[in-house]
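A quick write-up on the structure given underneath.
Reckoned from all heavy atoms, side chains included, excluding hydrogens, waters and symmetry mates. Computed from a prediction, not measured in an experiment: that's the story for all the values here. Indexing begins at 1, ligand by ligand and atom by atom, following the structure's order.
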Amino acid sequence: MDALLVVDVQNDFCPGGSLAVPDGDHVVPVINRLSSLFEVVLHTQDWHPAGHLSFASSHKGKNAYDVVALDYGKQVLWPDHCVQGTDGAAFHPDLDLKRSQLVLRKGFRRKIDSYSAFYENDQKTVTGLRGYLENRGISTLYVTGLAADFCVKWTVLDAMKEGFQVNVVEDAVRGIDLDGSLEQAWQEMVGAGARKISSDTLLHQL
Ligand code: VGL
Ligand code: ZN
């Protein structure tokens, strides 16, 4: 069985948000078209407590986009974003959630960031998504959302590692692009065996 996985289409990642992805909101109509046609639609939501360790504001003398060493390794520091219960953490108002069957929240542990929907950034702590998908007999994922070079990329790479078939809908993702990270993300995803597909091609298959 196939599922559409919609990663982090939240206000803070859209224009006007605190960690806005260029044209991040452009994914919304594309994802809405797809979500009306998939039998299984799943969403993730970046969901940090105030004072999260991935926030530059939690580190004296550090700025957004600096990189620091945390217990589990390197961590990019971000502007405060997607704080639990805030408008920035809410889904984009035009995102169609009617047929969503799961909202998986991640990043809620203060000391561990979580880009991937499968593993937190320590690459050990699980979110439970693998078990959910396996229990439901879902073996193929169509991944969309934000940001292509962070949460989408890590989700795709972990999904591949866990043995899922993974397709990335190229016009349903947008990237932050820190120092070429977007181009690198595509190379890593495709190199790991993910398939790049356009929403048009996919719509014709559905
Ligand atoms: C994300 C940076 C920090 C993402 C989340 O959704 O790609 N990026 N938190
Ligand atoms: Zn985050």
Side-chain angles (χ1 to χ4, degrees), residues 4-28 31 42-59 62-68 70 72-92 95 97 102-123 125 127 129 141 143-159 166 168-170 172-186 188-189 194:
L4 180 71
L5 182 62
V6 182
V7 175
D8 298 359
V9 182
Q10 295 166 256
N11 290 326
D12 271 341
F13 297 126
C14 292
S18 63
L19 180 38
V21 177
D23 293 337
D25 55 339
H26 291 203
V27 303
V28 172
I31 292 170
L42 313 171
H43 289 80
T44 69
Q45 189 172 27
D46 209 40
W47 195 249
H48 300 306
H52 193 257
L53 273 197
S54 75
F55 296 170
S57 62
S58 303
H59 302 262
K62 295 291 178 190
N63 297 308
Y65 311 108
D66 286 350
V67 177
V68 295
L70 296 185
Y72 52 79
K74 280 189 186 172
Q75 171 69 50
V76 179
L77 297 180
W78 303 107
D80 289 21
H81 65 278
C82 297
V83 173
Q84 295 170 356
T86 62
D87 188 55
F91 290 110
H92 187 286
L95 185 70
L97 290 153
L102 176 76
V103 175
L104 181 112
R105 288 174 168 169
K106 60 183 182 59
F108 50 76
R109 289 186 179 81
R110 198 182 71 84
K111 295 185 175 178
I112 316 179
D113 203 3
S114 188
Y115 295 151
S116 162
F118 291 89
Y119 288 93
E120 303 198 4
N121 287 14
D122 61 1
Q123 295 183 326
T125 306
T127 65
L129 183 60
L141 295 175
V143 183
T144 62
L146 307 171
D149 39 356
F150 288 91
C151 290
V152 168
K153 178 185 92 169
W154 287 103
T155 296
V156 166
L157 295 179
D158 281 348
V166 186
V168 185
V169 186
E170 56 187 343
V173 300
R174 290 292 188 282
I176 298 172
D177 207 13
L178 291 181
D179 303 323
S181 60
L182 184 55
E183 174 59 31
Q184 200 197 322
W186 276 114
E188 287 179 55
M189 292 190 288

Minimum-distance protein heavy atom relative to atom 8 (N) of ligand 1:
F150 CB, 3.8 Å

Please say whether D113 places an N or O atom under 3.5 Å from an N or O atom belonging to ligand 1.
no

Which atoms of ligand 1 sit under 4.0 Å from any heavy atom of F13?
1 (C), 4 (C), 5 (C), 6 (O), 9 (N)

Where the side chain of D149 meets the backbone of D177, is there a donor-acceptor pair that is under 3.5 Å apart?
yes

What is the OD2(D46)-the Zn ion (ligand 2)-NE2(H81) angle, to the nearest 10 degrees?
100°

N or O contact, H81 vs ligand 1, cut-off under 3.5 Å:
yes

K106/D8 salt bridge by N-O under 4.0 Å criterion
yes

Could you check atom 4 (C) of ligand 1 against the protein and tell me its nearest heavy-atom contact, residue, atom and distance included?
C151 SG, 2.8 Å

Strictly under 2.8 Å, is the Zn ion (ligand 2) approached by any N, O or S atom of H48?
yes

Just one of V156, V6, L4, V169 clears the side-chain contact (heavy atoms from CB on, under 4.5 Å) bar with V143, so which one?
V156

Closest non-hydrogen protein atom to atom 2 (C) of ligand 1, residue and atom name please, with distance?
W78 CE2, 3.4 Å

Could you tell me whether D149 approaches ligand 1 through its side chain, its backbone, both or neither, with non-hydrogen atoms closer than 4.0 Å?
neither

Is there a donor-acceptor pair under 3.5 Å between the side chain of R110 and the backbone N or O of L53?
no

Verify the neighbour count for atom CH2 of W78: are there more than 12 heavy atoms of other residues, nucleotides or ligands below 6.0 Å?
yes

Could you check L95, L102, L5 and say which one makes a side-chain contact (heavy atoms from CB on, under 4.5 Å) with H43?
L95

Look at atom 6 (O) of ligand 1 and say which protein heavy atom is nearest, naming residue and atom and giving the distance to 0.1 Å.
D8 OD2, 2.7 Å

Do the two ring centres, one from F13 and one from H92, sit under 6.0 Å apart?
no

